[in-house]
Amino acid sequence: NSIFYQHLGKDFIKNAFIAARAADGAADLYYNDYNIEQNNAKTTFLLSMLDELKAANVPITGVGFQMHVGRTFPSIANIKAAFQAVVAKNLKVRISELDVHMSDDRTTDGVANGTMTSLSPADALLEKQRYKEIVLAYKEVVPLNLRGGITIWGINDGESWLIPFYGSPDWPLLFNDDFSTKLAFDGVAEALLSP
């Protein structure tokens, strides 16, 4: 129910893709959204919309997943299923925004269950594993010709959008405040280098 939908109707998305293609005939054009990796009702709605766009010959190349995920939520199974559903439509998959919200893990229903005051060594290992499993899931599910890439959403922890947004400390990225690498960096590197 965005301002665009309110004023332009449902066709605003289709029209945006058509205008973008007119502006650049060679650009990859992505529908980019958040919480679609959860493989939930929003994902189902997205898939229906993709079918409508494709049936109308709208020039869409792929889907961008804004993945501001928790330490365990959503599950890797749901992430894989969401990727696979887009792949099944022969569209590219791009992780357009990735960070791991360490200070606010969520239960399977997405409800916050507490905050942290520091990133312990055990938490750092969990973060490494979370990043690694996400990148491995991407590589496993998305064929090479449909990979649009992975973007980490920020450089170092101290500059993460999550800190002012939630008003609490967090350690969601690959680099510490001083730009030294974290175990999370190693997790991403290990996943990218794996066969």
Side-chain angles (χ1 to χ4, degrees), residues 28 30-44 46-47 50 61-89 91-113 116 119-157 159-163 165-166 170-176 181-195:
D28 279 348
Y30 288 84
Y31 176 80
N32 194 51
D33 209 342
Y34 64 95
N35 290 344
I36 55 176
E37 75 282 353
Q38 294 179 16
N39 196 35
N40 58 12
K42 187 172 183 178
T43 314
T44 301
L46 163 71
L47 297 171
L50 293 174
T61 309
V63 173
F65 286 76
Q66 297 176 23
M67 294 182 59
H68 305 292
V69 299
R71 294 156 25 131
T72 60
F73 181 84
S75 70
I76 287 299
N78 279 337
I79 291 170
K80 285 182 179 181
F83 288 166
Q84 183 57 53
V86 173
V87 166
K89 297 188 180 306
L91 292 170
K92 288 187 174 184
V93 174
R94 176 171 178 77
I95 299 177
S96 56
E97 302 179 19
L98 176 59
D99 51 29
V100 178
H101 191 12
M102 293 300 293
S103 73
D104 181 12
D105 196 17
R106 293 176 279 175
T107 60
T108 55
D109 61 359
V111 177
N113 66 1
M116 299 167 35
L119 187 69
S120 71
D123 289 324
L125 284 171
L126 287 172
E127 183 180 37
K128 173 187 177 181
Q129 184 57 34
R130 182 66 162 158
Y131 267 106
K132 186 173 182 176
E133 69 184 4
I134 289 169
V135 176
L136 287 173
Y138 181 79
K139 288 177 61 178
E140 176 186 329
V141 173
V142 183
L144 191 58
N145 66 314
L146 293 179
R147 292 181 193 164
I150 300 171
T151 300
I152 307 298
W153 200 243
I155 304 296
N156 71 38
D157 287 340
E159 297 175 359
S160 170
W161 72 278
L162 290 167
I163 296 169
F165 187 80
Y166 288 103
D170 211 326
W171 305 267
L173 300 170
L174 306 184
F175 295 89
N176 292 304
T181 58
K182 295 167 52 185
L183 291 178
F185 177 93
D186 298 333
V188 171
E190 289 170 12
L192 291 174
L193 294 172
S194 72

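Positions are given from 1 along the sequence. Computed from a predicted model, the values in this text were never measured in an experiment. Computation of the quantities below employed the complete heavy-atom set of this structure, encompassing side-chain atoms and omitting hydrogens, waters and symmetry-equivalent molecules.
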- Item | Step-by-step side-chain contact (heavy atoms from CB on, under 4.5 Å) determination, Val86 to Phe65 | CA-CA 10 Å; Val86 173; Phe65 286 76; 3.8 Å; yes
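- With contacts defined as side-chain heavy-atom distances shorter than 4.5 Å, the pair Ile150/Ile134 does not qualify.
- Remark: His101 NE2 to Met67 CE distance equals 15.0 Å, nearest 0.5 Å.
- The heavy-atom pair separating Ser194 from Leu136 by the smallest distance is OG-CD2, 3.2 Å.
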- Task: Kindly determine whether Ile152 and Tyr131 satisfy side-chain contact (heavy atoms from CB on, under 4.5 Å), including the steps that lead there.
- Result: CA-CA 10 Å; Ile152 307 298; Tyr131 267 106; 3.9 Å; yes
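- Inter-residue side-chain proximity for Trp171 and Asp123 is flagged as unmet; no heavy-atom pair is nearer than 4.5 Å.
- Side chain of Thr181 to main chain of Phe175: no donor-acceptor pair is present (N/O by atom type, distance under 3.5 Å, no hydrogens or angles).
- The shortest side-chain heavy-atom distance between Ile155 and Leu173 does not fall under the 4.5 Å cut-off.
- For the ring pair (Phe, Tyr, Trp, His ring centres under 6.0 Å) test, residues two or more places apart in sequence or in another chain that qualify with Phe165 are Trp161.
- Separation of atoms CG (Asn35) and CD (Gln66) is listed at 9.0 Å; rounding is to 0.5 Å.
- Shown here are the salt bridge (charged side-chain N to carboxylate O under 4.0 Å, His left out) partners of Glu127, two or more places apart in sequence or in another chain: Lys182.
- At a threshold of 4.5 Å between non-hydrogen side-chain atoms, the residues Gln38 and Asn78 do not count as touching.
- With values rounded to the nearest 0.5 angstrom, Leu146 atom CG is found 12.5 Å from Phe83 atom CZ.
- Remark: side-chain polar atoms of Arg71 are not paired, donor with acceptor, to backbone N or O of Arg130 under 3.5 angstrom.
- Side-chain contact between Lys89 and Val63 is absent, with no heavy atoms from C-beta onward closer than 4.5 Å.
- With sequence neighbours excluded, no residue forms a salt bridge (charged side-chain N to carboxylate O under 4.0 Å, His left out) with Lys139.
- Judged purely by distance below 3.5 Å, without hydrogens or angles, the side chains of Ser160 and Asp170 never pair a donor atom with an acceptor atom.
- The salt bridge (charged side-chain N to carboxylate O under 4.0 Å, His left out) check on Lys92 picks up Asp28, with sequence neighbours excluded.
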- Query: Would Asp99 and Leu162 count as a side-chain contact (heavy atoms from CB on, under 4.5 Å) if you check the C-alpha gap in whole Å, the side-chain angles of each, and the deciding distance to 0.1 Å?
  - Reply: CA-CA 9 Å; Asp99 51 29; Leu162 290 167; 4.0 Å; yes
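- In this structure the side chain of Pro74 never reaches within 4.5 angstrom of the side chain of Asn39, judged on heavy atoms.
- Residue pairs that meet the side-chain hydrogen bond (donor to acceptor under 3.5 Å, both in side chains) test with at least one member in residues 143-156, sequence neighbours left out, are Arg94-Thr151.
- Between the CD atom in Glu140 and the CD atom in Glu133 there is a gap of 11.5 Å [rounded to 0.5 Å].
- Here the closest heavy-atom approach between residue Val87 and residue Pro143 is recorded as CG1-CD, 3.8 Å.
- Between Asp157 and Asn176, some side-chain heavy-atom pair lies under the 4.5 Å cut-off.
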Show the atom names and distances, to 0.1 Å, of all donor-acceptor pairs under 3.5 Å that link a side chain in residues 184-193 to residues at least two apart or in another chain.
| from | atom 1 | to | atom 2 | distance (Å) |
| --- | --- | --- | --- | --- |
| Glu190 | OE1 | Lys132 | NZ | 2.9 |
| Glu190 | OE2 | Lys128 | NZ | 3.0 |

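- Looking only at distances, no side-chain donor or acceptor of Tyr34 sits under 3.5 Å from a matching main-chain atom of Glu97.
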